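Remarks on the structure that follows.
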Amino acid sequence: MSSIHSHIRPNTFLFLRLPSDILKLLEILPNTIIEVGKLGSFPSNLLLGRPYYHTYEIRAKRDGEAYSRLRIVPPGELNADIVAEDATPSESRGEPATPSVNGQSQAYDVVSEDGTVVVKNNRLTIDDASRQALSQQEIEELKKSSGGNEVIEKILANHAGLDEKTSFSKAKYTLRKTKKYLKRFTVLPMDLGNVIEYVMAKEAPRIMELREETSGLMMAWGNVHAVVEDEVPPTNDGRRVGAGRWLVHDETGGLLVAAMAERMGILYVDVEEEEAQQASEEVKATEAPEAGLLQPTDGALENAPPYGTSAPTSHNDFPLPASTNTITLLHPAVQPNLSLMKYFGYDTNQPNPVHPMHTHLKPLSWLQLLHPDLDATYREPEKVSDAELRTYKSGKRSTHYKKLRRWSRCKAIVDETREGGFDGLVIAANMDPATILPHTIPLIRGGGTVVVYSSTPEPLIRILDLYSKDRRTAYISHLSRGEIPDSEDFPVDPRLLLAPTVQSTRARAWQVLPGRTHPVMTSRGGAEGYVLSARRVMPVEGGVEARGNYGGRGKRKADALVGGVSDAGADAAA
Amino acid sequence: MASEIVSSQQSSAAPLPREQAKPSPFFHTPPATEADALAILHLKRDSLLPITLRATADDGYAEGAVTNTRFGSFPHSTLIGLDWGSQVRASKVDTGTRGRKGKQKQQRDQDQDDSNAAAGCADGSTKKRKSDEASLTDDISGAPAKKLKQLADGTQQLPTAAKAPIEAGSGFVHILPPTPESWTSSLDHRTQVVYTPDYSYILQRLRVRPGSAIIEAGAGSGSFTHAAARAVYNGYPGSSTSKKRKLGKVYSYEYHEPRVQTLRQEIHDHGLDSIVELTHRDVCNEGFETPEAPSPPKADAIFLDLPAPWLALKHLTRSSPGSPLNPSAAVHLCTFSPCIEQVISTVSFLRKNNWTEINMFEIQHKRLDVRRERVGLKEEGLRGVNASAATVDEAVQRLREVETKLSDFHANKDVANGRTSGKEKKIQSKAERLEKIRQDVEGRKLYKEGNLVQRTEPEVKTHTSYLVFAILPGAWTEVDEQACAEKWPVGDVMAGKAENGGGKSGRQRSSSGGISLI
């Protein structure tokens, strides 16, 4: 499992981080050419089998070769500049770095002609392009003839004012030139953090601006984790409660599902299984040398999954869903939108039968959940007698069986979902979550987790208000008077969620450089991203009187919270 | 404070060798609560109490095992056999006499029981002035030593028969299955705790997945340990399906002996023995290599919560023979340091030792306080509201009333004891007005009145620690490169013979040819 990202495997998606810090997404196929904009182009085979997280440099083309070759830049070389700058090795003494004399590092100072130390500043900086002795034309020439490193060295050497610069601006200048001329990129695997970074830069609304830290927080509060099938002891009474089943409403294009699948160990194809498959493929390839590389071009395989040439066998198209460690996905449209999942090797249109999601993902539409009788897929296909079936042509017969398989899968999913007993509910929705909860909360087991994401706080605040202490108290008093609470005032049963909390988290990036450590100057704005977390609870019939032992500090707190809705159930009824 | 009750209970039960089959309550809980299960009592927001449910009494209560909280007493017999998440009413339990007089086994009669219950369960009228924390559990848990002694005595005197508990009139808790989050907020702070916003991001960034191996040093209070165990868990060793796949494991190190003892007991009680391997060791001086262990950790991820991470980092290289790192894949690192100087030293060390993708972050987390704020003159005299005028109109209206009242007052004085009954009715005294407001409030739907507002919660953790992330890429040698070059030859391509989108239908190709750049 964890070794899936040790080496670059063919037919997978990956990212290249370019010197400009932009991520480039690509699918790597054997025997093709990878073009990386102005950095150049190189054969994909030079990356295949190589390790992730290394930085590769595109070398100057050799004579007689059509493309450039690559070189792995040793990590030591990447950090060499900064290490050289960092003159005070402090870790050997086992204590934190301390600034040198007078709190001013040597790097700031320069000795003037009369021998006194003056601190460099930018008072005399001349902002003029003429300070660079090389013309643009000369630089272009240089780029053709030599490698990125040499270009940068020459440019720096030809800058008249470099010595006048403070170390800060010198570093900035060098960095700018490095980004511009160094033909390097870092290869990063297809994982959740990188996908988020990539989509966030391109089309953030597609994933509801769900940041990595927020996704992590949701997975924690949602208690999303793997549950191993044979370690779930069977229940005596046949109740299906807590077998690692999560109920999800995802409008982030599959990002949320991917995040959960990652935590549940069902996001990636088992490497060993895949390798076994590839081995058999290679056997085939040696038998028919051409066929191994050039796939048949007929329409059926046009979009075949990248995990093998074999089309899904007929009995794998609608498999019966797994019973544990599953994600049940509620989708508002006819088909679920899991477009991002294709980067992880699972395309909902052409599901790869080897992928764990094929059996562990259970999609159903809102119609199927609320009104299954109105859904065509849920309706049992007409029964056909064996005798009649024998008269069918093979095509019609297989269509019939396919229908049956589709129906039995759909029925299994719908019935099981409506039965409830889910371990948790995870929602990221553009639709009002307050309309989702009344239908889904009752399906969650007692003590189960509920997590709702919203890019803005308002929808979650409304939910908190629906579950407020005052509203709950009023609801209970309606019940105790034998009244049915008004569904307009009480769209949800306010007793079913415990301590709902709205929170927001943000990871702030810092620059750590010798003598220049500070938070980064700019970062992405946009939606803050809020998470509501709560636990599903089972109220006592008839309601209970709250009590509390308040004295001193407690009393003051109680006063402060009167009228608040963020109060927990057991608080004093002040 | 809160978990003292638990730790003492747990230590009183002899650490029995647990049968391997017993799954951890953190990964799976059966539908209903069972005896000997770990449960979290949710008292109120941010006030959680972990308990182990006991079917038998060991501390002298007539009702069997009892947990006392500020919201009442809960005999475990009322907690066992419920659906998880159930709300449970408090019971009348004689806490007072037993708690104070302690060891003497008393013959309680029912009357005494009731009167003591009333006195012991401090309801609103008995305003005991206690600190917030001490009042969480009742007075017996205040002094752990005393409690332990009582427990020891309690075990000797076997209870005759558990009395059926009687429901108290008020007070309740919710009983929840444990999660790393609820454990984190309820655990006993032995050291600074790594909280959920931090550990959730760390585990996400470290790419810890089911089946990963993670090194954690120091373990501290064990909050990260539990979260990491959940993240790596993909089965217990020895079960049938787990034969072929690599099982996730947390290799945890801690150099403080008493903390190791406590954490080891907790790990055992939580059924995590086979997931978490806790070692008592100073990793800065002694490193991570464990000669006695069957195999090195082969860690995919490392989390260092140490004062000087760079001292431990020098033991985390691939060059040493028994290297604890995964030899084939990249290793993800996170260090957790509160001070910027520690960060600078750590980063400097990482740069010199071939780590890449070095980044530093700090997590800023806040919770929202949401409430309905009611403003207006009609709120006068009510609690938790702002009783000033809500609008200009309201203010003017009130001012006019005052004016009228004043002029009427003078007019009345002039008329002097005359026919004033009609006018006097109109003038409402303040007491009358407040009384009217109090009566009106009964019929109002306060839960949907006022403005729904949010603000950041009163207390914010503005700084926990700085998180330094780094990656040590997998080793790559000339030999590897040779083998790889043979497996993926480029000879044809380099000679310009490669098909560049030609000869194929262009499956998943961009128009520029070559491989698809999306």
Side-chain angles (χ1 to χ4, degrees), chain A residues 1-2 6 25-27 29 32-33 35 43 45 48-49 51 53-54 65-66 75 79 83 91 96-97 213 216-217 220 223 225-226 228 231 241 265 297 446-447 461 464-465 470-471 499 502-503 505-508 510 512 537-540 544-545 547 549 551-553 562-565 568 570, chain B residues 31 44-45 70-71 83-87 122 128-129 132 135 170-172 174 176-177 179 197 200-201 204 210-212 230 234-235 300 310 328-330 341 344-345 347 349 351 354 356 360-361 364-365 367-368 370-371 383-384 447 471 473-474 484 488 490 493-494 496 505 514-515 517-518:
Chain A
M1 187 68 230
S2 51
S6 57
L25 172 68
L26 57 87
E27 186 187 11
L29 307 173
T32 50
I33 304 303
E35 285 174 15
N45 286 14
L48 287 171
Y53 294 111
H54 276 286
E65 289 193 342
N79 295 327
V83 170
E91 66 282 354
E213 56 269 32
L217 195 67
N223 193 24
H225 65 276
V228 180
E231 280 155 21
V241 171
T297 55
I461 286 166
L464 237 59
D465 185 45
D470 286 354
R471 205 176 288 258
V502 174
Q503 49 191 314
T505 185
R506 185 139 203 183
R508 182 190 208 186
W510 282 60
V512 183
V537 288
M538 312 296 213
V540 169
V544 279
E545 194 113 336
R547 95 163 101 162
N549 176 11
R553 263 176 354 120
V562 168
V565 295
Chain B
K44 56 174 282 202
R45 183 178 300 271
R70 67 194 292 192
F71 300 112
D83 279 346
W84 284 104
S86 291
Q87 191 177 28
K128 284 198 211 165
R129 299 191 72 83
D132 207 17
S135 59
S170 66
F172 62 87
H174 286 92
L176 298 175
T179 62
S200 63
Y201 183 59
Q204 173 98 38
S212 298
R230 172 180 64 189
N234 65 340
D300 306 296
W310 56 93
S328 62
E341 289 81 4
I344 291 168
S345 297
V347 170
F349 180 91
R351 286 209 175 100
N354 295 341
T356 62
M360 197 265 264
F361 290 90
Q364 293 170 325
H365 175 258
R367 301 202 313 188
L368 297 188
V370 175
R371 61 176 70 179
R383 296 174 72 191
Y447 55 83
I471 293 173
C484 216
W488 302 106
V490 291
V493 181
M494 284 304 186
S505 65
I515 90 156
L517 305 175
I518 296 139

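Residue numbers begin at 1 in each chain, while the letters A, B, ... track the order of the sequences. Computed from a predicted structure; not experimentally measured.
- Side-chain contact between A/Asn223 and B/Arg230: present, with at least one pair of heavy atoms (C-beta onward) separated by less than 4.5 Å.
- Between B/Pro197 and A/Thr505, the closest heavy-atom pair is CB-OG1, 4.4 Å.
- With sequence neighbours excluded, the residues that form a salt bridge (Lys or Arg N to Asp or Glu O under 4.0 Å) with B/Arg367 are B/Asp46, B/Glu457.
- Note on A/Gly49, A/Pro75, A/Ala220: by heavy-atom pairs under 4.5 Å with chain B, the leading option is A/Ala220.
- Partners of B/Trp488 according to the ring-ring contact (aromatic ring centres under 6.0 Å, His included) rule, which considers only residues two or more places apart in sequence or in another chain, do not exist here.
- In this structure, A/Ser6 and B/Ser328 approach most closely via the heavy-atom pair CB-O, 3.7 Å.
- Formation of a donor-acceptor pair under 3.5 Å by the A/Glu213 side chain with backbone atoms of B/Tyr201 is not found in this model.
- Distance alone, capped at 3.5 Å, is enough to place a donor-acceptor pair between the A/His54 side chain and the B/Gly474 backbone.
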